Amino acid sequence: MTIPVRTRIAPSPTGSPHVGTAYMALFNYAYAKKNKGDMVLRIEDTDQKRSSIDSENAIMNSLKWLGIEWDEGPDKTGKFGPYRQSERKEIHARHVQILLDNGFAYPCFCSSQRLKELRTSQIANKETPRYDGHCLNLTKEEISQKIEAGEKYVIRLKIPTEGKCCFTDKLRGKVEIDWKQIDHQVLQKSDGFPTYHLANVVDDHLMNISHVIRGEEWISSTPKHILLYQYFGWEPPSYTHLPLLRNPDKSKLSKRKNPTGINYFREAGFLPEAMINYLGMMGYTLPDQREIFSIDEFTQTFDIHRMSLGGPIFDLSKLKWLNGRYLREKLSEKEVVARIIEWKINSKFIQKIIPHALQRIENFSDFIPLTGFLFEENPTFSHSQLIGKINPDEAIKLIKICEWELEKIQEWNRNNIFFIFQSLAEKEDYKIKSILPLFFQVISGNSVSLPLFDAIEILGPDLTRLRLRKALEYLSSQGSSLSKKDLKSLEKEYRSKYGNRVD
RNA sequence: GUCCCGUUCGUCUAGCCAGGUCAGGACACCGGGUUUUCAUCCCGGCAACAGGGGUUCGAAUCCCCUACGGGACGCCA
């Protein structure tokens with residue numbers, strides 16, 4: 001008897017959809033389909049502070065755009081719902097109680113302040129930072145006393161004090177990690193929500209997930225998951241840890257260094273099938289080594305053992321080449337026309353621009369030169385125009401702060417964008433009017449263009465971010481750049497004036 | 001710092017599991033050809049088994065050590 005294959009993707013709806021999510025989704029999808037199984041989409045929104053429904057929708061839309069489909073999810077009810085973790089809170093709480101009743105977990109009343117100090121001192125003493133078990137031996141009386149007194153608490157996982165955890169990774173073989181390395185993981189936060197670790201295990205089990213295929217960032221917390229399965233008396237799934245997509249400097253792919261938003265590629269005019277094709281060749285080659293393949297061809301021939309384990313660098317040049325081949329070879333001219341229209345040459349998009357362009361054009365031929373930057377992946381600018389009257393070091397500083405501030409915008413609209421620039425001018429002691437020419441150039445490559453805030457709104461966060469970064473790169477190529485040290489001190493200054501950066 | 005994972009051209013990779021072809025392909029780059037320009041297209045070139053030690057007649061391939069890279073060490077996921 002073979003159990004049905006069920007895989008899952010479990011994105012967290014915090015921020016804009018990431019290519020890493022699509023990458024993992026593709027392999028989970030292929031594995032499930034190749035084995036005539038199902039893939040589940042589960043929304044991991046246990047972080048109430050950061051999760052949003054907008055982000056959830058954006059993630060689902062971008063995956064659909066790429067052609068990745070799931071068999072069950074928040075929008076596609078199946079037998080194992082609900083598929084949004086926030087709606088499974090009771091289930092999780094019940095399971096936490098089971099662990100508590102069996103002595104596998106315990107309440108912890110330590111303040112975040114104490115935890116922070118503990119961590120700092122452990123690091124100072126060159127120890128592995130982990131919970132010291134302070135609340136491990138509270139008596140039942142002490143516990144109920146504290147709870148009655150209204151003290152906030154979390155539930156922690158009890159970890160064996162001796163021995164090691166062994167598990168098998170489908171690709172990497174046997175992995176052994178000492179229990180001493182594993183922290184007493186928080187399973188339930190003081191707001192009553194479970195953490196990833198608890199919710200993930202409980203939901204995977206209850207949703208009959210047979211194969212967990214996820215990023216290698218999870219390897220070191222797998223022992224916690226295995227332990228939970230043991231405590232509950234459940235059979236753990238098969239684990240496969242895939243390599244992580246990397247920046248050109250080989251660090252884990254991050255939006256701070258690269259375009260990583262699926263929407264970036266969509267807005268920059270890439271084809272979803274080329275994207276999928278490219279993602280499918282990261283860490284993987286088809287058995288016959290063909291380079292151009294559809295998601296169906298990929299899925300039908302998929303063999304997980306063909307994965308390479310070295311982290312592939314997500315580099316744009318091959319993607320562009322691939323995309324060009326799709327345009328020329330895979331689509332008819334008619335189809336290309338339809339795709340371009342669907343992209344941005346449509347009345348919906350033009351309509352957004354027109355109100356801002358109308359005062360500035362006299363005949364239609366003025367339209368393209370005026371608004372062309374909205375259709376470009378990157379505008380070009382010249383040094384003198386870019387800098388204008390501002391000195392280059394100041395320009396760098398303003399652009400950098402602007403980049404960080406823009407990251408904080410929850411709802412991308414004209415007003416919120418305006419507030420960012422207003423506060424930027426204020427805090428940096430400029431008249432807003434005097435810093436705007438710089439940003440006109442950065443965004444449009446031109447000094448004649450649409451109203452800046454509207455243009456930024458239309459351009460969207462992904463393209464905007466890259467333009468700021470490109471401007472910085474350009475300035476650096478012209479000899480003005482921020483050293484690591486400068487950057488660090490700027491970041492410190494930024495924090496004191498504007499608050500912490502967001503992820 | 002501790003633990004874990006990884007390492008074939010600049011990049012994506014084939015070959016590794018079942019040791020024995022000049023280590024193959026693609027992108028990028030460089031050169032040439034086709035083309036009124038450019039691009040496409042075609043042809044050619046550059047370029048790698050991280051280092052050291054084993055095992056073996058023979059190692060990119062199996063084993064060990066070192067180096068380097070990455071990840072984890074959150075009331076994030």
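Note on naming: letters A, B, ... go to the chains in the order of the sequence lines (proteins, then strands), and numbering restarts at 1 for each one. Quick caveat: nothing in here was measured; it's all calculated off a predicted structure.
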Q) Would you say a side-chain N or O of A/Lys174 is under 4.0 Å from OP1 or OP2 of B/C5? A) no

(Q) Can you say whether a donor on the side chain of A/Ser220 sits under 3.5 Å from an acceptor on the base of B/C73, or the other way round? (A) no

Side-chain donor-acceptor distances from residues 93-110 of chain A under 3.5 Å, at least two apart:
from	atom 1	to	atom 2	distance (Å)
A/His95	ND1	A/Ile91	O	2.8
A/Gln97	NE2	A/Asp101	OD1	2.9
A/Asn102	ND2	A/Ile98	O	2.8
A/Tyr106	OH	A/His184	ND1	2.6

(Q) Taking only side-chain N and O atoms of A/Lys252, does any of them lie within less than 4.0 angstrom of OP1 or OP2 on B/A72? (A) yes

(Q) The side chain of A/Arg156 is closest to which nucleotide in this list: B/G70, B/C75, B/G74? (A) B/C75

Measure all distances between protein nitrogen or oxygen atoms and nitrogen or oxygen atoms of nucleotides 39-48 of chain B, and list the pairs falling under 3.5 Å.
from	atom 1	to	atom 2	distance (Å)
B/U40	O3'	A/Arg328	NH1	3.3

Q: Report the base-pairing partner of B/G6 (Watson-Crick or G-U wobble, both distances below 3.5 angstrom), or none.
A: B/C68

Q | Separation of the P atoms in B/C3 and B/G45, to the nearest angstrom | A | 49 Å

So which protein N/O to nucleotides 9-15 of chain B N/O distances come out below 3.5 Å?
from	atom 1	to	atom 2	distance (Å)
B/C12	OP1	A/Ile313	N	2.9
B/C12	O2'	A/Met281	O	2.8
B/C12	O2	A/Lys318	NZ	3.1
B/U13	OP1	A/Gly283	N	2.1
B/U13	O3'	A/Thr285	OG1	2.9
B/U13	O2'	A/Thr285	OG1	3.1
B/A14	OP1	A/Thr285	OG1	3.4
B/A14	OP2	A/Ser308	OG	3.4
B/A14	O2'	A/Gln289	NE2	2.9

For residues 39-46 of chain A, which side-chain donor-acceptor pairs fall under 3.5 Å, sequence neighbours excluded?
from	atom 1	to	atom 2	distance (Å)
A/Arg42	NE	A/Glu44	OE2	2.9
A/Arg42	NH1	A/Asp204	OD1	2.9
A/Arg42	NH2	A/Glu44	OE2	2.9
A/Arg42	NH2	A/Asp204	OD1	3.0
A/Glu44	OE2	A/Gln85	NE2	3.2
A/Asp45	OD1	A/Gln85	N	3.3
A/Asp45	OD1	A/Ser86	N	2.8
A/Asp45	OD2	A/Ser86	OG	2.7

Q) How far, in whole Å, is B/U66 from B/C5 if one measures between their P atoms? A) 14 Å

Q: Please report the C-alpha distance between A/Tyr278 and A/Tyr23 in whole Å, then the side-chain angles of each, then the deciding distance to 0.1 Å, and finally whether the ring-ring contact (aromatic ring centres under 6.0 Å, His included) criterion is met.
A: CA-CA 10 Å; A/Tyr278 181 67; A/Tyr23 182 61; 9.7 Å; no

(Q) Under 3.5 Å for both donor-acceptor distances, Watson-Crick or wobble: does B/C73 have a partner, and if so which one? (A) B/G1

Q.
Checking side-chain polar atoms at under 3.5 Å, does A/His241 have a donor or acceptor matched by the opposite partner on A/Arg214?
A. yes

Q: Check every strand shown and say whether A/Cys165 touches a base, only sugar-phosphate, or nothing at a heavy-atom separation below 4.0 Å.
A: nothing

Q: Using side-chain hydrogen bond (donor to acceptor under 3.5 Å, both in side chains) as the criterion, list what pairs up with A/Glu335, not counting sequence neighbours.
A: A/Ser332

Q. Is the A/His225 ring parallel, tilted or perpendicular to the A/His197 ring (thresholds 30°, 60°)?
A. tilted

Q: Could you tell me whether the phosphate oxygens of B/G74, OP1 or OP2, come under 4.0 Å of any side-chain nitrogen or oxygen in A/Arg119?
A: yes

Distance-only check: which donor-acceptor pairs under 3.5 Å involve side-chain atoms of residues 372-381 of chain A, not counting sequence neighbours?
from	atom 1	to	atom 2	distance (Å)
A/Glu377	OE1	A/Lys320	NZ	3.2
A/Glu377	OE2	A/Tyr264	OH	2.5

Q. Which part of the nucleic acid, if any, lies within contact of A/Val175, taking any heavy atom under 4.0 Å across all strands shown: a base, the sugar-phosphate backbone alone, or nothing?
A. sugar-phosphate

Q) Is the backbone of A/Leu472 close enough, under 3.5 Å, to the side chain of A/Ser476 for a donor and an acceptor to pair up by distance? A) no

Q: Return the nearest nucleotide to the side chain of A/Ile177; candidates are B/G71, B/C76, B/C3.
A: B/C3

(Q) On the nucleotide B/A77, are OP1 or OP2 found under 4.0 Å from the side-chain N or O atoms that A/Thr46 carries? (A) yes

Q. Is the distance from OP1 or OP2 of B/C76 to the nearest side-chain N or O of A/Lys189 less than 4.0 Å?
A. yes

(Q) Just checking A/Tyr494 against A/Trp404, ring centres under 6.0 Å apart? (A) yes

Q: Look at all strands and tell whether A/Glu176 reaches a base, only sugar-phosphate, or nothing, counting heavy atoms closer than 4.0 Å.
A: sugar-phosphate

